[in-house]
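Below: one structure, written as C-alpha cells.
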There are 2 protein chains.
Amino acid sequence: MATGRHHRPATSRSRGIPEATVARLPLYLRALMALSERSVPTVSSEELASAAGVNSAKLRKDFSYLGSYGTRGVGYDVEYLVYQISRELGLTQDWPVVIVGIGNLGAALANYGGFASRGFRVAALIDADPALTGKPVAGIPVQHTDELETIISENGVSIGVIATPAGAAQQVCDRLVAAGITSILNFAPTVLSVPEGVDVRKVDLSIELQILAFHEQRKAGEELPGAEEEVDPAPHPVSPPAATVTKRETKRDGRDSNRDSGRGTGRDAKRPDSGPDGDLPAVMPA
Amino acid sequence: MATGRHHRPATSRSRGIPEATVARLPLYLRALMALSERSVPTVSSEELASAAGVNSAKLRKDFSYLGSYGTRGVGYDVEYLVYQISRELGLTQDWPVVIVGIGNLGAALANYGGFASRGFRVAALIDADPALTGKPVAGIPVQHTDELETIISENGVSIGVIATPAGAAQQVCDRLVAAGITSILNFAPTVLSVPEGVDVRKVDLSIELQILAFHEQRKAGEELPGAEEEVDPAPHPVSPPAATVTKRETKRDGRDSNRDSGRGTGRDAKRPDSGPDGDLPAVMPA
DNA sequence: ATGTCTTTGTGAACGCGTGCACAAAGATAC
DNA sequence: GTATCTTTGTGCACGCGTTCACAAAGACAT
Ligand SMILES: NC(=O)c1ccc[n+]([C@@H]2O[C@H](COP(=O)([O-])OP(=O)(O)OC[C@H]3O[C@@H](n4cnc5c(N)ncnc54)[C@H](O)[C@@H]3O)[C@@H](O)[C@H]2O)c1
Ligand SMILES: NC(=O)c1ccc[n+]([C@@H]2O[C@H](COP(=O)([O-])OP(=O)(O)OC[C@H]3O[C@@H](n4cnc5c(N)ncnc54)[C@H](O)[C@@H]3O)[C@@H](O)[C@H]2O)c1
C-alpha cells in the first residue's frame, strides 16, 4: 500500500519517439544552435554526433524517428533541423515556469540565463518566507506562497520547479498539482508522489556525487590489488536479527573485474588521505 | 576527427554491480537514513521500495548484487544496510571536492548542506575572477584559478565540480584532469572531452526542462485531437539543399499513440496562452 | 519438532536501447 | 546520361535492465 504513483508513462514511447531519444534531442539542438551561430549550412551525422558526444548511428536513428530530414551524400540542413527539433520538443512556444523556494538554489535558477534563451520564461518566484515577499530576485519580485494557486491559474503555468527544503517538497508539489501544474522539476532530495498524468523529473546533486564516488573508489581499489577488498572491513554497526549475518558468502564471485584497463594521463597517488577529521561523515546518524 | 572520448567504461558493470543499480543505491541510502533516524529497526523490500519510489523486485535484485543482506520473513536490518550501501558507494571515507566557478550556481552549491552531510567536503572554491579571490563564500575563501593545480595536488582532491560558463568549461576541465582530477560533475551546458579513466557526469537544467516541455506538449496535443498535428505548421526556415524537402511522407505513420490514457485529477484549460511576447524564444538564432 | 506464514533471492522471459554494417539515395563529376 | 563517391536510413543482433513469479529460507506459533 501507499505505493504513491511513481509510474513512468508506462507506454513510454510517447508518439513513437523513444524516451531515450527525447532525452538526447536537447543535446542535438544545443550543438545545432552552435553551428547555426557560426552560419554552418549543413552537417553530417558524423560531425554532429561528435559535437553532441554520441554515436553517429545513434544520432541517425534518433533523427529517423522525427521523419528523416537529411539529404544523402550531404548531411542535414542545420537551420531546418534546429526548427524541426525545436518544434518536436515544443520549444516553438514559450513555457511559463514558476520556481518555488527562492533560497540559494532557487535564486541561482532565477538568475540563470539558460532558461529564457531556450524558450522558458520565469513567470513567477514563490517563497513561503514573508521576509522575501516583494524582494526582487533577478528582477522579479518574490511572491508569497499564499498566491501560488492564483499565480498558476492566471498565468496558465504548467511547469513548476521545486527548490524548497526536502521537508516542504511534497506539500508544495501537492499544491502545484492541485493548481494545475502537470510537469515538475524537483531539486529537493525526496521522492514525490503525484497523480497520473503529472510528470516529475528530479535533479539530485548528491546522488550524482555519490555515483562518482563509487567509481572513484573502484579506480583507487584497482590500483592497489590484493589486501582489503571483498572482505568486510568493519564489524556490523548493530547486531542484525540473529546469527543471520555470519552467513555471507552467497554471492561475491569477483567477476571479470576488468574495466577497459588503460589509463592514459598520469595518475598516481590520488587517494584522499582519509580526511583530517576522523569521524565518518554522516553515514551513521543512528 | 576529434571524436574526443565519450566512452562509458565500456565494461560498464564495474564489479558486477550494474550501472543502473549503482545509480539507485543513493536513493535507497537516503530512504534508509530517514528510517534510521526514526529508529526503525528493519524494513521489508516492499516498504523500502515504495519509500524510494521503485519496484520492490528491482530493489531486491539490486541488493542481491551487494550480497544478500536480508533475512527472509523479516526484511532488511536498516542500520546494517545503511552501512553496507555506504561502504559500497565509498562514503565511509570523506571525499574532498573542489568547485570551480563561484557564480550564482557555484555559490549555491558551496552553501548546500547536502554535500557535507553525505561525506563530501568542499575542499576549495576556485574562480578566475580576481574580484572574488579571498572573499568568503559559505565560510570558505575563494581562491584564484592560478592555484588550481596546487590546491588539487596538496589536498589530494579527485572530484571536481564545474560551474563556470560553458565557454570556459573545457579549458577548466583540461586543467582539472591534468592536475589529477578523475571525476567531474559538470553543470556547464557543454560536452566535455576527457581522457579515458576520467568519469564525467553532467547536470543540465535546461535539458530537463526541455524534456518536460516535450511531454507537456504531447499532453496538450492529445486533449484536442484532430487539427494541426503531424503536419508542418510552418514553412522551412531556410531553403534546404534542393527539392529535397518536399518529399517527407517517408515516416510519419502515426503509431498507436496511446499514452496509458486515464487522467485522474481534473485537468482542463491548461494551455499556456502562447505568451504575450510574440517572438519565438531563442529557437532561431540565425 | 512440526507447521504455517512471511519475505527474500533469483531464474527466466521480455522489451528497450545501442551499435554494426550495408543497401539505397542522391550529389557531383565527366 | 553514366559512373563514382558520400552519407543517410534502417534491418538486425546483442546486451542490459526490468519485471514476473516462485522456490527456498527462515521467523514464529504451537
Ligand atoms: N543549494 C544547492 O546547491 C542544492 C543542490 C542540490 C539540491 N538542493 C536542494 O534544493 C533545495 C533548496 O536548497 P537551498 O540551498 O536553496 O535551500 P535554502 O534553505 O537556501 O532555500 C529554501 C527556500 O525555500 C523556502 N521555503 C521553505 N518552505 C517553503 C514552502 N513550504 N513553500 C515555499 N517556499 C518554502 C525557504 O523560505 C527558502 O527560501 C533543498 O531541498 C536542497 O536539498 C540544493
Ligand atoms: N545558475 C543556474 O541555475 C544554472 C543552471 C544550470 C546550468 N548552469 C550553468 O552553470 C554555469 C554557471 O552558471 P552561473 O549562473 O553560476 O554563472 P555565473 O556567471 O554566475 O558564474 C560563473 C562563474 O565562473 C567564473 N569563471 C569564468 N571563467 C572561469 C574560469 N576559466 N575559471 C574559473 N572560473 C571561471 C566567473 O568568474 C563566475 O564567477 C553556466 O555554465 C551555466 O550555464 C547554471
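Letters A, B, ... are given to chains in the order of the sequence lines, protein chains preceding strands, and every chain is numbered from 1.
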Proximal nucleotide (of D:dT7, D:dG9, C:dG17) relative to the A:P18 side chain
C:dG17
Evaluate the side-chain proximity of A:T182 to A:I159: yes if any heavy-atom separation is below 4.5 Å, no if none is.
no
How close or far is atom P of D:dA21 from atom NZ of B:K58, stated in whole angstroms?
17 Å
What is the distance, rounded to the nearest whole Å, between atom CG of A:D62 and atom C1' of C:dG19?
12 Å
Measure from CD1 on B:I17 to C1' on D:dC16 and round the result to the nearest Å.
16 Å
N/O (side chain, A:Y76) to phosphate O (OP1/OP2, D:dG9) under 4.0 Å
yes
Would you kindly give the CD-to-C1' distance between B:E19 and C:dT18, to the nearest whole Å?
16 Å
Does D:dT7 have OP1 or OP2 under 4.0 Å away from a side-chain N or O of A:S44?
no
Nearest to the side chain of A:A57, which nucleotide is it out of C:dT8, D:dT7, C:dC20?
C:dC20
A:R60 has an atom CZ; how far is it from atom C1' of C:dG17, in whole Å?
16 Å
Does either side chain, that of B:S64 or that of B:D62, offer a donor lying less than 3.5 Å from an acceptor on the other one?
no
DNA chain C nearest-nucleotide lookup for A:N55 and A:G73: closer to the 5′ end is A:N55
Mind checking B:F63 for me? I need base, sugar-phosphate or nothing, with any heavy atom below 4.0 Å counting as a touch.
nothing
Which listed nucleotide (C:dA27, D:dT10, C:dA12) is nearest to the side chain of B:K61?
C:dA12
Heavy-atom check, side chain of B:L29 versus side chain of B:R118, under 4.5 Å
no
Rounding to an integer number of Å, can you tell me how far A:E46 CD sits from D:dG9 P?
14 Å
Give the rounded distance in Å between these two atoms: OH of A:Y65 and P of C:dG17.
8 Å
Is it true that A:S45 and A:R60 share a donor-acceptor pair across their side chains at a distance under 3.5 Å?
yes
How close or far is atom C1' of D:dA25 from atom CZ of B:R72, stated in whole angstroms?
5 Å
Apply the ring pair (Phe, Tyr, Trp, His ring centres under 6.0 Å) test between B:F63 and each candidate in B:Y28, B:Y69, B:Y80; give the one that qualifies.
B:Y28
